[in-house]
Number of protein chains: 2
Amino acid sequence: MLTTRLDTARIRAARTVIDPVFLDTPCYRCDALEPVLACAVGIKLETANPVRCFKGRGTEVIADALGSGAVVCASAGNLGQALAWSGRRRGLDVTVVAARSAPVAKLDRIRALGARLELVDGDFERAREQAADIARHHDIRLVEDSLDLETCEGAATIGLELVEQAPSADVVLIALGGGAMATGVGHVLKALAPGVEVICVQPLGAPAMTLSWRQRRVVTTESAETIADGVAGRFPIPEVLDDLLQVADDAVLAREESITTGMRLLLDHAGLVVEPSAALGVAAVLEDRERFAGRHVVTIICGSNVDPDTHRRWTSR
Amino acid sequence: MLTTRLDTARIRAARTVIDPVFLDTPCYRCDALEPVLACAVGIKLETANPVRCFKGRGTEVIADALGSGAVVCASAGNLGQALAWSGRRRGLDVTVVAARSAPVAKLDRIRALGARLELVDGDFERAREQAADIARHHDIRLVEDSLDLETCEGAATIGLELVEQAPSADVVLIALGGGAMATGVGHVLKALAPGVEVICVQPLGAPAMTLSWRQRRVVTTESAETIADGVAGRFPIPEVLDDLLQVADDAVLAREESITTGMRLLLDHAGLVVEPSAALGVAAVLEDRERFAGRHVVTIICGSNVDPDTHRRWTSR
């Protein structure tokens with residue numbers, strides 16, 4: 001019996017308030033990757049929408065509930081774009097706090113979508129503190145990725161689609177950062193397709209949530225060193241960890257080299273530009289080919305917001 | 001009153017036999033391209049499926065009607081992949097005839113999908129002759145792209161989706177080769193959304209159908225010189241031209257330089273890998289910015305089958 005904070009009926013209801021542009025994303029077998037990865041590869045593509053990532057599912061739920069007023073979030077760059085998009089559509093006053101070191105492409109898009117952008121020195125955890133300060137000081141809604149249920153249940157709608165679109169999946173690989181996508185999709189899979197193995201994948205250089213999952217208690221890290229900027233947190237949220245412990249069958253770590261190889265394979269064999277976080281699933285297969293050999297593995301391509309020149313560099317041989 | 005060979009009721013019926021993996025593809029506004037192109041850009045993305053192009057829509061209709069037996073087609077590389085995919089699923093015996101000069105990525109995928117691949121010297125028109133010879137000699141079904149109604153009506157299902165997904169479109173830009181997509185989508189738009197301007201785009205180096213449209217009679221060319229291999233025909237089909245004359249508001253030509261610039265803009269600003277034919281819409285905007293300024297322009301991204309190294313070369317500055 002699942003006792004996460006999430007609720008399958010609420011997740012189904014979330015679908016009704018999310019702009020359809022974020023829903024029913026493509027899910028297909030990518031034969032061309034199969035000889036390379038030695039398993040059947042399913043792609044669930046979350047990048048073909050106005051914010052090039054899955055975060056719009058959650059921000060739509062938030063913005064719909066909020067209706068009007070002001071809202072602030074910390075973001076590695078994708079949540080901020082999505083909140084700006086959902087907020088612009090509804091006339092919300094959106095502030096995004098991000099690290100100055102975030103990819104230029106992400107920061108540019110946040111500004112272009114009309115949000116106020118505050119940059120902080122330091123990493124994503126510093127941005128979280130600053131966003132909380134702003135929310136307190138101005139008494140406005142703070143959106144906390146992965147802690148706020150809307151972010152998890154929005155992401156969880158991916159799971160509802162996977163159950164329909166990939167009924168023969170053996171494994172679903174989910175990029176693990178704060179945990180909204182992993183707990184959301186994991187909850188739905190455990191509820192509706194319990195035979196599917198749910199494996200979370202985090203960069204070896206930013207392993208806080210994975211270490212926490214393994215030790216069944218919050219483990220923080222001093223630093224997060226990875227090109228996968230979208231999942232580079234250091235302070236796991238206890239409530240999210242509790243949920244993750246119920247829905248994840250495993251949490252694994254991938255080396256940077258596997259992430260860039262994954263990005264290159266997705267570009268060369270699937271024609272997909274992906275940001276590093278979105279290559280974590282392929283990276284996990286590269287790290288442990290035997291584990292996945294011959295199985296039907298679905299990987300969620302969660303974002304494609306990447307600086308073009310950096311992507312060229314990462315994917316060139 | 002439209003009197004093309006196509007029928008909107010049959011197009012709606014086609015949807016019911018096409019594998020859902022090819023249907024209801026993403027359609028979204030790409031804000032990031034708008035400052036560059038000075039118009040509102042809608043993307044209709046036909047590449048997130050197992051054959052990375054729209055051709056599966058048509059081959060599903062063909063293969064469903066055929067049921068069993070053998071089939072042969074000439075292909076620049078995309079129809080062949082799609083027919084191989086649809087045929088494999090149903091146990092059909094598929095032969096594809098292609099030019100030896102077709103992109104390696106396309107030829108490899110045709111083989112990998114289990115079709116018999118025959119290569120001919122010369123261009124696509126030579127492959128057409130050879131496919132017709134094989135069909136006659138073995139008394140098997142010849143699939144003729146754009147002439148066979150299934151190919152047009154399959155492609156036309158894109159139009160049904162556009163009418164729903166992009167109701168505010170002012171213009172739809174359609175890559176023009178043999179004409180299946182242009183006549184199919186054009187038919188639906190003229191039937192259901194007659195206010196939308198239908199503009200076909202062909203490479204300046206392979207202009208046969210555009211010249212034919214302009215002169216209202218079949219014009220053939222001696223050669224076809226373009227990187228847009230998917231639309232490089234020289235012998236327009238009279239029946240297809242007759243339909244195109246009814247549904248296209250204009251047919252324009254794009255230079256090679258505009259095609260590669262379009263590919264680069266789609267990569268850098270939309271995160272999309274596209275083959276040259278799929279950049280023709282953006283190329284058309286680049287060729288005549290004033291015409292499109294401030295309008296809502298939808299471009300169909302019809303394929304992404306491109307050799308990775310060639311794509312890198314075309315899109316690097």
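Every chain is numbered from 1, with letters handed out A, B, ... down the list of sequences. Only heavy atoms go into these numbers, but all of them, side chains included; no hydrogens, no water, no symmetry mates.
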_Heavy-atom cut-off 4.5 Å, strictly under: side chain, backbone, both or neither for A:Ile43 against chain B?_
neither
_If I measure from the heavy atoms of chain A, does B:Ala270 come under 4.5 Å with its side chain, its backbone, both, or neither?_
backbone
*Between A:Glu118 and A:Thr95, do the side chains contain an N or O donor and an N or O acceptor separated by less than 3.5 Å?*
no
*Would you kindly say whether A:Ser304 and A:Glu275 are connected by a side-chain donor-acceptor distance under 3.5 Å?*
no
*Looking at A:Lys55 and A:Glu60, does any basic side-chain N land under 4.0 Å from a carboxylate oxygen?*
no
_Test: B:Asp64 and B:Arg89 ion pair at under 4.0 Å_ = no
*B:Arg29 portion near chain A, given a 4.5 angstrom heavy-atom threshold*: backbone
*asked:* Less than 4.0 angstrom from a charged side-chain N to a carboxylate O is my criterion; do B:Glu161 and B:Arg15 meet it?
replied: yes
_Structural part of A:Ala112 lying under 4.5 Å from a heavy atom of chain B_ = neither
*asked:* I need the single residue from B:Thr151, B:Asn49, B:Asp19, B:Thr157 that forms a side-chain hydrogen bond (donor to acceptor under 3.5 Å, both in side chains) with B:Arg57. Which is it?
replied: B:Thr157
*Between chain A and each of B:Leu272, B:Asp31, B:Val306, B:Asp24, count heavy-atom pairs under 4.5 Å; write down the option with the most.*
B:Asp31
_Top contributor to chain A interface from B:Cys30, B:Pro308, B:Ala48 [non-hydrogen pairs under 4.5 Å]_ = B:Ala48
_Per-residue contact mode, A:His269 against chain B (heavy atom under 4.5 angstrom)_ = backbone
*Name the region of B:Asp309, side chain, backbone, both or neither, that has any atom closer than 4.5 Å to a heavy atom of chain A.*
side chain
